[in-house]
Amino acid sequence: MSVDRRTFTAGLSATAAAALASCGAPTQPANTGKIRLGYTNTVSFLGAFIAKDAGAFERHGLQVDLTLVALNSTIPSALVGGSLEIGGVTPPVLLAAIEGGLDIVVIAGAAVNDIRKKGAGVLARTGLDIKTAPDFVGKRVGVPGLGAYMHVMFRRWLKDKGVDDSKVNFVEVPLAQASDVLRAGNVDAVLVGEPFFSRVISAKTGYLVSPFFTEMRDGLYQMYYGANRSWAEAHRKEIAAFRAALAEATTFLAANPDESRAILGRATHLAPEITATSVLPTLSLDVTPEDVNYWADTLIDQHAIKARPDAARLIFK
């Protein structure tokens, strides 16, 4: 597996540290170990960005190194192979990996679909005349991962609109390259979320055709935090600390949207004028069997998997 990785070294913001410290974190944590957390460059990971930037992981005794991964579909094999301890995995990628024989569990949720927010969707290349779902037939559409969250949901949206998605050409395009590939004319449209959604709009390389996620199920998880089952069983203390740090970050996000945008900028290396208009995610920790089964049924309908997994066993307790 070829993984593009870097260690996240954004500086600690005094404002963030003070605000997050007020969430009731322990002052004398035990040193419970080092965790390599794999993430893709999307706003779904803002909880982890905040927990790292404002010191919540450290206060809970964790040394977390954030490792950038170009494509979400490579994270399950990295978890099983031991190059990552925890990884953010879209539900479709995770369920496909499990059916393929990888023993990965969900240890926490990340971001959920919020139909009141319009920070993601399908953007067409400026100059084209794509307005409705049928206009995508025969077009080349960039997705941040074949079989991942956005790709699956877009296929569902096309089907709901009466469009045969097999007549749409899908290619993988990392989120950070969305604006560039549109400008170069390599694709006709891209599926993209924040913070790169606002970047494409600002650069005028693309225009919004549909924020189709607003037509999908409200509260549906966009991202799970997963781990190899054997690692999870041996590191329950670390998982509890990881969840506690994410809970603090969720509280911080709700109370400090401006500082959260600043943290997003430091994590993604985007200019303040881009993150200033980014739609912030809705975060939630507790994944339910119902959420897993909804995803499983959607993937079965798309012939991506053959059967539901045991959702209760998949969610680590």
Evaluate salt bridge (Lys or Arg N to Asp or Glu O under 4.0 Å) for D164 paired with K159, printing each intermediate quantity in order.
CA-CA 6 Å; D164 182 355; K159 182 177 180 179; over 6 Å; no
Between [X] and [Y] (side chain of the first, backbone of the second, donor and acceptor by atom type, cut-off under 3.5 Å), is there such a pair?
X    : Y    : value
E172 : P144 : no
R125 : V187 : yes
K117 : L280 : yes
Q302 : V152 : yes
T275 : S278 : no

Atom of [X], atom of [Y] and distance for their closest heavy-atom approach:
X    : Y    : result
P309 : L95  : CG-CD2, 3.7 Å
R217 : N113 : O-ND2, 3.1 Å
T74  : S77  : O-OG, 3.0 Å
I50  : S260 : CD1-OG, 3.7 Å
A241 : H60  : CB-O, 3.5 Å
A124 : V209 : CB-CG2, 3.6 Å

As an exercise, state the distance from [atom1] of [X] to [atom2] of [Y], rounded to the nearest 0.5 Å.
X    : Y    : atom1 : atom2 : result
M153 : T90  : CE    : OG1   : 10.5 Å
Y225 : I75  : OH    : CD1   : 10.5 Å
N256 : I263 : CG    : CD1   : 8.0 Å

Tell me the ring-ring contact (aromatic ring centres under 6.0 Å, His included) pairs involving [range], sequence neighbours left out?
range            : result
residues 179-217 : Y149-F213, F154-F212, W157-F212
residues 92-112  : none
residues 61-115  : none
residues 80-134  : none

Pairs involving residues 133-148, ordered by first then second residue, that meet side chain to side chain donor-acceptor pair (under 3.5 Å) (sequence neighbours left out):
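Every pair satisfying side chain to side chain donor-acceptor pair (under 3.5 Å) with a residue in residues 133-148: T132-D135.
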For [X], all residues meeting side-chain contact (heavy atoms from CB on, under 4.5 Å), sequence neighbours excluded:
X    : value
V168 : F136, V141, L158, F170
D297 : I300, R308
L285 : A108, R243, L246, A247
D160 : R156, M216

Flag side-chain contact, heavy atom, 4.5 Å: [X] against [Y]:
X    : Y    : answer
K118 : T214 : yes
L182 : T126 : no
L314 : D310 : no
V143 : V173 : no

Please indicate whether R313 has more than 12 foreign heavy atoms, meaning atoms of other residues, nucleotides or ligands, lying under 6.0 Å from its CZ.
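Atom CZ in R313 is not crowded, with 12 or fewer foreign heavy atoms closer than 6.0 Å.
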Charged N to carboxylate O under 4.0 angstrom, [X] versus [Y]?
X    : Y    : value
R199 : E194 : no
K34  : D65  : yes
E259 : R266 : yes
K131 : D129 : yes

Is the ring pair W231/H235 parallel, tilted or perpendicular, if the boundaries are 30 and 60 degrees?
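W231 and H235: parallel rings.
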Does S73 have any side-chain hydrogen bond (donor to acceptor under 3.5 Å, both in side chains) partners at least two apart in sequence or in another chain, and if so, which?
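Counting only residues at least two positions away or on another chain, S73 forms no side-chain hydrogen bond (donor to acceptor under 3.5 Å, both in side chains).
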For R36, check side-chain hydrogen bond (donor to acceptor under 3.5 Å, both in side chains) against everything at least two apart and list the hits.
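Counting only residues at least two positions away or on another chain, R36 forms a side-chain hydrogen bond (donor to acceptor under 3.5 Å, both in side chains) with E85.
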Checking L84 against L37 for the side chain to side chain contact (heavy atoms under 4.5 Å, CB included) test, could you report, in this order, the C-alpha distance in whole Å, the side-chain angles of both residues, the deciding distance, and whether it holds?
CA-CA 6 Å; L84 297 173; L37 170 59; over 6 Å; no
Report the C-alpha separation of R236 and I239 in whole Å, then their side-chain angles, then the decisive distance to 0.1 Å, and conclude whether the side chain to side chain contact (heavy atoms under 4.5 Å, CB included) test is met.
CA-CA 5 Å; R236 290 181 176 273; I239 290 173; 5.6 Å; no
Sequence neighbours left out, what pairs pass salt bridge (Lys or Arg N to Asp or Glu O under 4.0 Å) with at least one residue falling in residues 219-232?
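For residues 219-232: D103-R229.
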Apply the test side chain to side chain contact (heavy atoms under 4.5 Å, CB included) to residues M223 and N72: give CA-CA distance (whole Å), side-chain angles for both, the deciding distance (0.1 Å), then the verdict.
CA-CA 10 Å; M223 194 77 66; N72 195 263; 3.8 Å; yes
